J.: 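Would you mind keeping the following structure in view while I ask a few things?
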2 protein chains.
Amino acid sequence: MRDDVGEQPQITLNDVAQAAGVSPATASRALNGTARVRADLRERVLAAAGQLAYTPNAHAQALARASSQAVGVICHDVSDPYFAGIARGVMRAAAEHDFQVIMGSTFRDPAREVSYVSMMRGQRVRAILLIGSGFEDRAWQEAMREELARCSAAGARIAAVSRHQGLRIDSVLPENRAGAAALARALLDLGHRDFAVLTGPPTLTTVMDRLNGFRDALTQAGITLDPGQIVEGVFSRDGGYRAAGELISRGLRATCVFASTDIMAVGALAAFRDHGLAVPADVSLAGFDDIPVVGDLTPPLTTVALPLEELGKRVMALALRPAIAGRSRIERVPGTVVLRASTSAPTRRPLAERTSP
Amino acid sequence: MRDDVGEQPQITLNDVAQAAGVSPATASRALNGTARVRADLRERVLAAAGQLAYTPNAHAQALARASSQAVGVICHDVSDPYFAGIARGVMRAAAEHDFQVIMGSTFRDPAREVSYVSMMRGQRVRAILLIGSGFEDRAWQEAMREELARCSAAGARIAAVSRHQGLRIDSVLPENRAGAAALARALLDLGHRDFAVLTGPPTLTTVMDRLNGFRDALTQAGITLDPGQIVEGVFSRDGGYRAAGELISRGLRATCVFASTDIMAVGALAAFRDHGLAVPADVSLAGFDDIPVVGDLTPPLTTVALPLEELGKRVMALALRPAIAGRSRIERVPGTVVLRASTSAPTRRPLAERTSP
DNA sequence: CTGAAAGCGCTTACAG
DNA sequence: CTGAAAGCGCTTACAG
């Protein structure tokens, strides 16, 4: 029973109105419940609409109403568990409000992010949700700020998860800095004094916040983080693997390694194993985010848990709540240090030379 | 520099036309390149548009053109790594074609799936991509078929990943059945004769295909799968954990367990560990999908690898390729058995009573 | 409560 | 090549 491919004219409001013997205006009102309609007429309209399987043309509606039922969501990569978790919360919230979700993946390209925003402006979305870290890049900030200003002038709400340097927008802020600091203190409590950090691209605010928070807490404990023990990598499993490898080849002096993202920690764990280093016996390892699987690794990963789905719901709610003119609203969401078996008290074994596979 | 909250009238084509001193028709043609426009006029239009930061109202365009630049994507749950992987491919492909992606998460509710389709029909999307398993449910099939028929009558292309029972739509089919059979043969080759299977909801075609493929291969080898060794669970980490626990409490007679989804295998692995069962020493474990993290588990998981991102790109390409009237196109994508350390030759140790934590 | 009419912002035959 | 005009499918003051 394949239906033929030819296009048929769409059923319009007019068709429904005619079938019900009323004017389009009345049909519209009956369907939308925007005004009182005599009961029997309403019945007839509803019946006709059901009969004809009428679905209003969303574009015509959006045009006539000068607003749509859509929200735009921009993230770096849907397949990254961090974003996927947040996106889940957004999708839930959207479903509750009967919003359509227009999704854009930037694949970490700043320019693409700007062009998505302007595309969504063209869609006249009700809100734009920026998920994921902003870029520490002046030109980008400038372009983004202008574009976002046009959006809000057009009536779109803007809200973000994470700090978006220089944009001054309503934000749900995971406490990256405080969380990393708390993690550092927990690791200090375990007895560690020598640390290394695997970071991501320094253009991402999240990266810098976590690094700075971690370092600050060390500094307060009178410990300096050796710059040579900070390795920059890509925010991915393989990025973590390579960064850990680089750290090892530089001579791993730390007893504890902080990967600024769980996904990097997963790769780091594999790298340590491949180099014959036992976690935590030889080196402790901690991550950040608490993405679903890290509790099932061997050893389970110590990390800072962020309520990902909750972040998604919150950012949607924030965007929907009427804005306060002149100032951006900030909602801070704390992270929770979760100590698992990947961290333990430091061992005294010298590690620097242990780089054999 | 917060912009005031008040809405400003949008910049329209008319504004651009006036600023450029031409008619809206000419402005439209210049902007879209749909017809020759005198060079100097075109320049003026483009300059004015840039100046005013003009973005066409996508709804007005869609209405006038009777078609949009959007595709609809429906999956069960974006945060599931399987869908996230496919979605990544879809997003890539969409970006290449400059399509907007309207995303819907059904959270495995058949009714919600139908209503998303009809919502997308209202959006006049160019294509609807059904990601993820269909439901083996007559009423749903009926409703879905009707709704999809209306969509294609309206000119929307439909394509799916996975088998959608009774819908007869263009599909990219991961070879679930053949993949599961190949896996079974590989496990037989390892020497296993006693198997158990952790399945998902029997209403999902994917579940049944994998189970049947696995069982068929066993049958061909003269081995029957004890129904008591088939446990139905939820498609999630915790579902796998519980299903494995149930299997153990029933008395685990199998030397090898097949979890029909990697995500369930992750939970099963944890359950085995919590019950003091070593994998693969006490019991071998295999999954299906090869989602990113399973190679980093301890032990790394034997599975059937599916090219997730590729599936996403293929389904998009399939939807875009002109349909063939009267018949649905099928593209089969094979899975690859990946043997890792979670499976080994069976041990002779009796397992049935080993249920101590 | 109901309907005729204008308008939302664009595109595209149709004349010129 | 250019412009005036009609039309896309809806909503919503405006009269009645």
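Not measured: the values here are computed from a predicted model. Hydrogens, waters and symmetry mates are skipped; everything else that's a heavy atom, side chains included, is used. Each chain gets a letter, A, B and so on, in the order the sequences are listed, and its residues count up from 1.
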J.: Dump the intermediate steps for side-chain hydrogen bond (donor to acceptor under 3.5 Å, both in side chains) on A:Ser68 and A:Arg124, then the final yes or no.
T.: CA-CA 6 Å; A:Ser68 75; A:Arg124 301 300 185 265; over 6 Å; no

J.: Below 4.0 angstrom from OP1 or OP2 of C:dT11, is there any side-chain N or O of B:Ser28?
T.: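 Yes.
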
J.: Enumerate the side chain to side chain donor-acceptor pair (under 3.5 Å) contacts for residues 57-66 of chain B, please, sequence neighbours excluded, ordered by first and then second residue.
T.: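 Only A:His59-B:His59, B:Asn32-B:Arg65 qualify under side chain to side chain donor-acceptor pair (under 3.5 Å).
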
J.: Let me know the distance between CD1 of B:Ile11 and P of C:dC10, rounded to the nearest Å.
T.: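 Atom-to-atom, B:Ile11 to C:dC10, this comes out as 10 Å.
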
J.: Would you call A:Arg150-A:Glu146 a salt bridge at under 4.0 Å N-O?
T.: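 Answer for the salt bridge query: yes.
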
J.: Expressed in whole Å, how much space separates the P atoms belonging to C:dT2 and C:dA6?
T.: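 One P to the other, the span is 22 Å.
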
J.: Taking the basic N atoms (NZ, or NE/NH1/NH2) and the acidic carboxylate oxygens, is any pair closer than 4.0 Å for B:Arg108 and B:Asp77?
T.: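 Not counted as a salt bridge, because no side-chain N and carboxylate O are separated by less than 4.0 Å.
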
J.: Tell me whether the count of non-hydrogen atoms from other residues, nucleotides or ligands lying under 6.0 Å of CD in B:Gln51 goes above 12.
T.: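 Not more than 12 within 6.0 Å, no.
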
J.: Under 3.5 Å, which N/O atoms of the protein pair with N/O atoms of nucleotides 2-5 of chain C?
T.:
unit_1	atom_1	unit_2	atom_2	d
C:dT2	OP2	A:Arg38	N	2.9
C:dG3	OP2	A:Ser23	N	3.3
C:dG3	OP2	A:Ser23	OG	3.2
C:dG3	OP2	A:Thr26	OG1	2.7
C:dG3	N7	A:Arg29	NH2	2.5
C:dG3	O6	A:Arg29	NH1	3.2
C:dG3	O6	A:Arg29	NH2	3.1

J.: Assess whether a salt bridge exists between A:Arg314 and A:Glu309, defined as any Lys/Arg side-chain N lying under 4.0 Å from an Asp/Glu carboxylate O.
T.: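 Between A:Glu309 and A:Arg314 there is no salt bridge, as every charged N stays at least 4.0 Å from the carboxylate O atoms.
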
J.: Pair A:Ser23, A:Thr26 - check side-chain hydrogen bond (donor to acceptor under 3.5 Å, both in side chains), show working.
T.: CA-CA 5 Å; A:Ser23 74; A:Thr26 297; 3.3 Å; yes

J.: Would B:Ser79 and A:Arg88 count as a side-chain hydrogen bond (donor to acceptor under 3.5 Å, both in side chains) here? Give the steps.
T.: CA-CA 6 Å; B:Ser79 73; A:Arg88 181 177 221 265; 3.0 Å; yes

J.: For a quick test of your reading: what N or O donor-acceptor pairs under 3.5 Å do the side chains of residues 42-49 of chain A make, sequence neighbours left out?
T.:
unit_1	atom_1	unit_2	atom_2	d
A:Arg44	NE	A:Ala20	O	3.2
A:Arg44	NH2	A:Ala20	O	2.9

J.: Verify whether the ring centers belonging to A:Phe107 and A:His76 lie closer than 6.0 Å.
T.: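 Judged by ring-centre distance (under 6.0 Å), A:Phe107 and A:His76 do not meet the cut-off.
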
J.: Round to the nearest Å and state the distance from A:Gln123 atom CD to C:dC8 atom C1'.
T.: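 Taking CD of A:Gln123 and C1' of C:dC8, I get 16 Å after rounding.
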
J.: What is the distance, rounded to the nearest whole Å, between atom CG of B:Asn14 and atom C1' of C:dC10?
T.: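 The distance from CG of B:Asn14 to C1' of C:dC10 comes to 10 Å, rounded to the nearest Å.
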
J.: Between A:Asn32 (CG) and D:dC10 (C1'), how many Å, whole number?
T.: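 From A:Asn32 CG to D:dC10 C1': 9 Å.
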
J.: Regarding B:Lys313 and B:Glu310, does a basic nitrogen lie under 4.0 Å from an acidic carboxylate oxygen?
T.: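 No salt bridge links B:Lys313 with B:Glu310.
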
J.: Over how many whole Å does the gap from A:Leu31 atom CG to C:dC1 atom P extend?
T.: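 The distance from CG of A:Leu31 to P of C:dC1 comes to 17 Å, rounded to the nearest Å.
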
J.: Taking Watson-Crick (N1-N3 plus N6-O4 or O6-N4) and G-U wobble (N1-O2, O6-N3), each under 3.5 Å, can you produce the dot-bracket string of DNA chain D? Use [ ] for crossing pairs and | for inter-strand ones.
T.: |||.||||||||.|||

J.: What is the distance from CZ of B:Arg44 to C1' of D:dC1, rounded to the nearest Å?
T.: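 Atom CZ in B:Arg44 sits about 14 Å away from atom C1' in D:dC1.
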
J.: Please list residues of residues 53-65 of chain B whose heavy atoms come under 4.0 Å from any atom in DNA chain C, ordered by number; otherwise none.
T.: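 Within residues 53-65 of chain B, the residues near DNA chain C are B:Tyr54, B:Pro56, B:Asn57, B:Ala60, B:Gln61, B:Ala64, B:Arg65.
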
J.: Which residue in the set A:Arg157, A:Arg321, A:Arg329 passes side chain to side chain donor-acceptor pair (under 3.5 Å) when paired with A:Asp170?
T.: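 It is A:Arg329; the other options fail the test.
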
J.: Using a cut-off of strictly less than 4.0 Å between a heavy atom of the residue and any atom of DNA chain D, enumerate the qualifying residues of residues 114-122 of chain A by number.
T.: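 Residues of residues 114-122 of chain A that come under 4.0 Å of DNA chain D do not exist, since none gets that close.
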
